[in-house]
Amino acid sequence: ARAGRIDLLRELGRPDDALDVLAQWTAQVTTTPYELAERGTRRLAAGDGWGAVDDLGEALEMLPDNEPLLDRYIQAARATRRYETALVHLSDLWGDSPAEVALMQRLYRLAHDVGDAPRALHALDHLERALGGGDPGRLLDRARYLADLGRLDESLSTLDALGREDPDW
């Protein structure tokens, strides 16, 4: 009911009233992952991205293999530019998630997008073990991150394995 009221107030052009209803909801203790996910989604839609990251992150801790929730969490982190928070949180969740490959792909993509070479390389290593080595795109990314980290010999040997002399990056 609250979610519908928030949506209705936003559609009626009353965003401040929607935020007031959302604030009342936020003040209440919400403990189930589904309530947290719903509230986080509403907070993101209402423009409270920081609160959305917090709620969605808490829900994700309870449901780490829920891919739609994971995607909403990353969307909220991107919207608020809370990349570091999201990267640390996703790295912490990795150990508990049965959806390791999906989580690592998202962690890799987020780290790649923000230029976090150590975390991107970490995620690539896990993806290579889970999916098997040899994907040229992942190997080229690996060579790039190794070079960014100053591990030039490893970067060159990765490029050699690809049969490339010029990395073209």
Side-chain angles (χ1 to χ4, degrees), residues 1-133 135 137-138 141-142 145 149:
R2 276 183 296 237
R5 184 173 176 77
I6 291 168
D7 290 341
L8 180 61
L9 288 168
R10 282 185 41 241
E11 288 174 21
L12 291 173
R14 296 171 47 192
D16 291 339
D17 292 337
L19 285 172
D20 288 343
V21 172
L22 187 58
Q24 292 168 1
W25 190 7
T26 303
Q28 296 175 354
V29 176
T30 303
T31 56
T32 73
Y34 304 103
E35 289 175 337
L36 286 164
E38 180 67 24
R39 188 173 73 187
T41 300
R42 300 295 171 188
R43 288 175 102 169
L44 183 61
D48 180 11
W50 285 76
V53 169
D54 293 338
D55 282 347
L56 293 168
E58 195 174 333
L60 196 54
E61 288 175 12
M62 293 181 254
L63 297 170
D65 58 340
N66 185 310
E67 291 189 40
L69 177 58
L70 181 59
D71 290 336
R72 272 185 277 159
Y73 175 75
I74 291 172
Q75 177 188 8
R78 286 180 188 276
T80 57
R81 299 210 176 297
R82 288 182 68 185
Y83 301 122
E84 183 63 24
T85 300
L87 287 167
V88 168
H89 199 154
L90 293 176
S91 294
D92 290 345
L93 282 176
W94 168 76
D96 297 329
S97 177
E100 175 185 347
V101 172
L103 181 59
M104 280 298 117
Q105 287 171 327
R106 286 166 177 83
L107 176 60
Y108 164 70
R109 183 55 44 209
L110 182 60
H112 173 80
D113 290 349
V114 300
D116 187 335
R119 284 203 177 89
L121 188 58
H122 171 77
L124 275 175
D125 288 343
H126 285 286
L127 284 171
E128 288 297 307
R129 281 195 292 278
L131 300 174
D135 177 87
R138 285 196 306 266
D141 286 345
R142 179 178 181 65
Y145 292 124
L149 294 170

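Keep in mind it's a predicted model, so treat the numbers as computed, not measured.
- With Asp48 as the partner, the salt bridge (Lys or Arg N to Asp or Glu O under 4.0 Å) test is satisfied by one option alone out of Arg42, Arg39, Arg43: Arg43.
- For the pair Asp125 and Arg142, the minimum side-chain heavy-atom distance is below 4.5 Å.
- Minimum interatomic distance between Ala59 and Ala37 (heavy atoms only, all atoms of both residues): CB-N, 3.9 Å.
- The CG atom of Leu110 sits 9.5 Å away from atom CZ of Arg119, with the distance rounded to the nearest 0.5 Å.
- Annotation for Tyr34 and Leu63: closest pair CE2-CD1, 3.8 Å, computed over non-hydrogen atoms.
- Rounded to the nearest 0.5 Å, atoms CD (Glu35) and CD (Glu58) are 11.0 Å apart.
- Atoms CG and OH, on Asp54 and Tyr73 in that order, are 8.5 Å from each other to the nearest 0.5 Å.
- Taking Arg138 as the reference, Glu128 meet the salt bridge (charged side-chain N to carboxylate O under 4.0 Å, His left out) condition, with sequence neighbours excluded.
- Residues satisfying the salt bridge (charged side-chain N to carboxylate O under 4.0 Å, His left out) criterion with Asp113, sequence neighbours excluded, are Arg78, Arg109.
- Separation of atoms CG (Leu124) and OH (Tyr108) is listed at 5.0 Å; rounding is to 0.5 Å.
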Query raised in the report: Checking side-chain contact (heavy atoms from CB on, under 4.5 Å) for the pair Gln75/Leu44: CA distance, chi angles, key distance, verdict?
Result: CA-CA 9 Å; Gln75 177 188 8; Leu44 183 61; 3.9 Å; yes
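- Across every non-hydrogen atom of Ala76 and Leu56, the tightest pair is CB-CD1, 4.0 Å.
- Residues Arg106 and Asp71 are in side-chain contact: their nearest non-hydrogen atoms beyond the backbone lie under 4.5 Å apart.
- Atom CG in Leu127 sits 10.0 Å away from atom NE2 in His122 (nearest 0.5 Å).
- Pairing each heavy atom of Leu149 with each of Pro118, the nearest pair is CD2-CG, 3.7 Å.
- In terms of heavy atoms, Gly40 sits closest to Asp55 at CA-CB, 3.7 Å.
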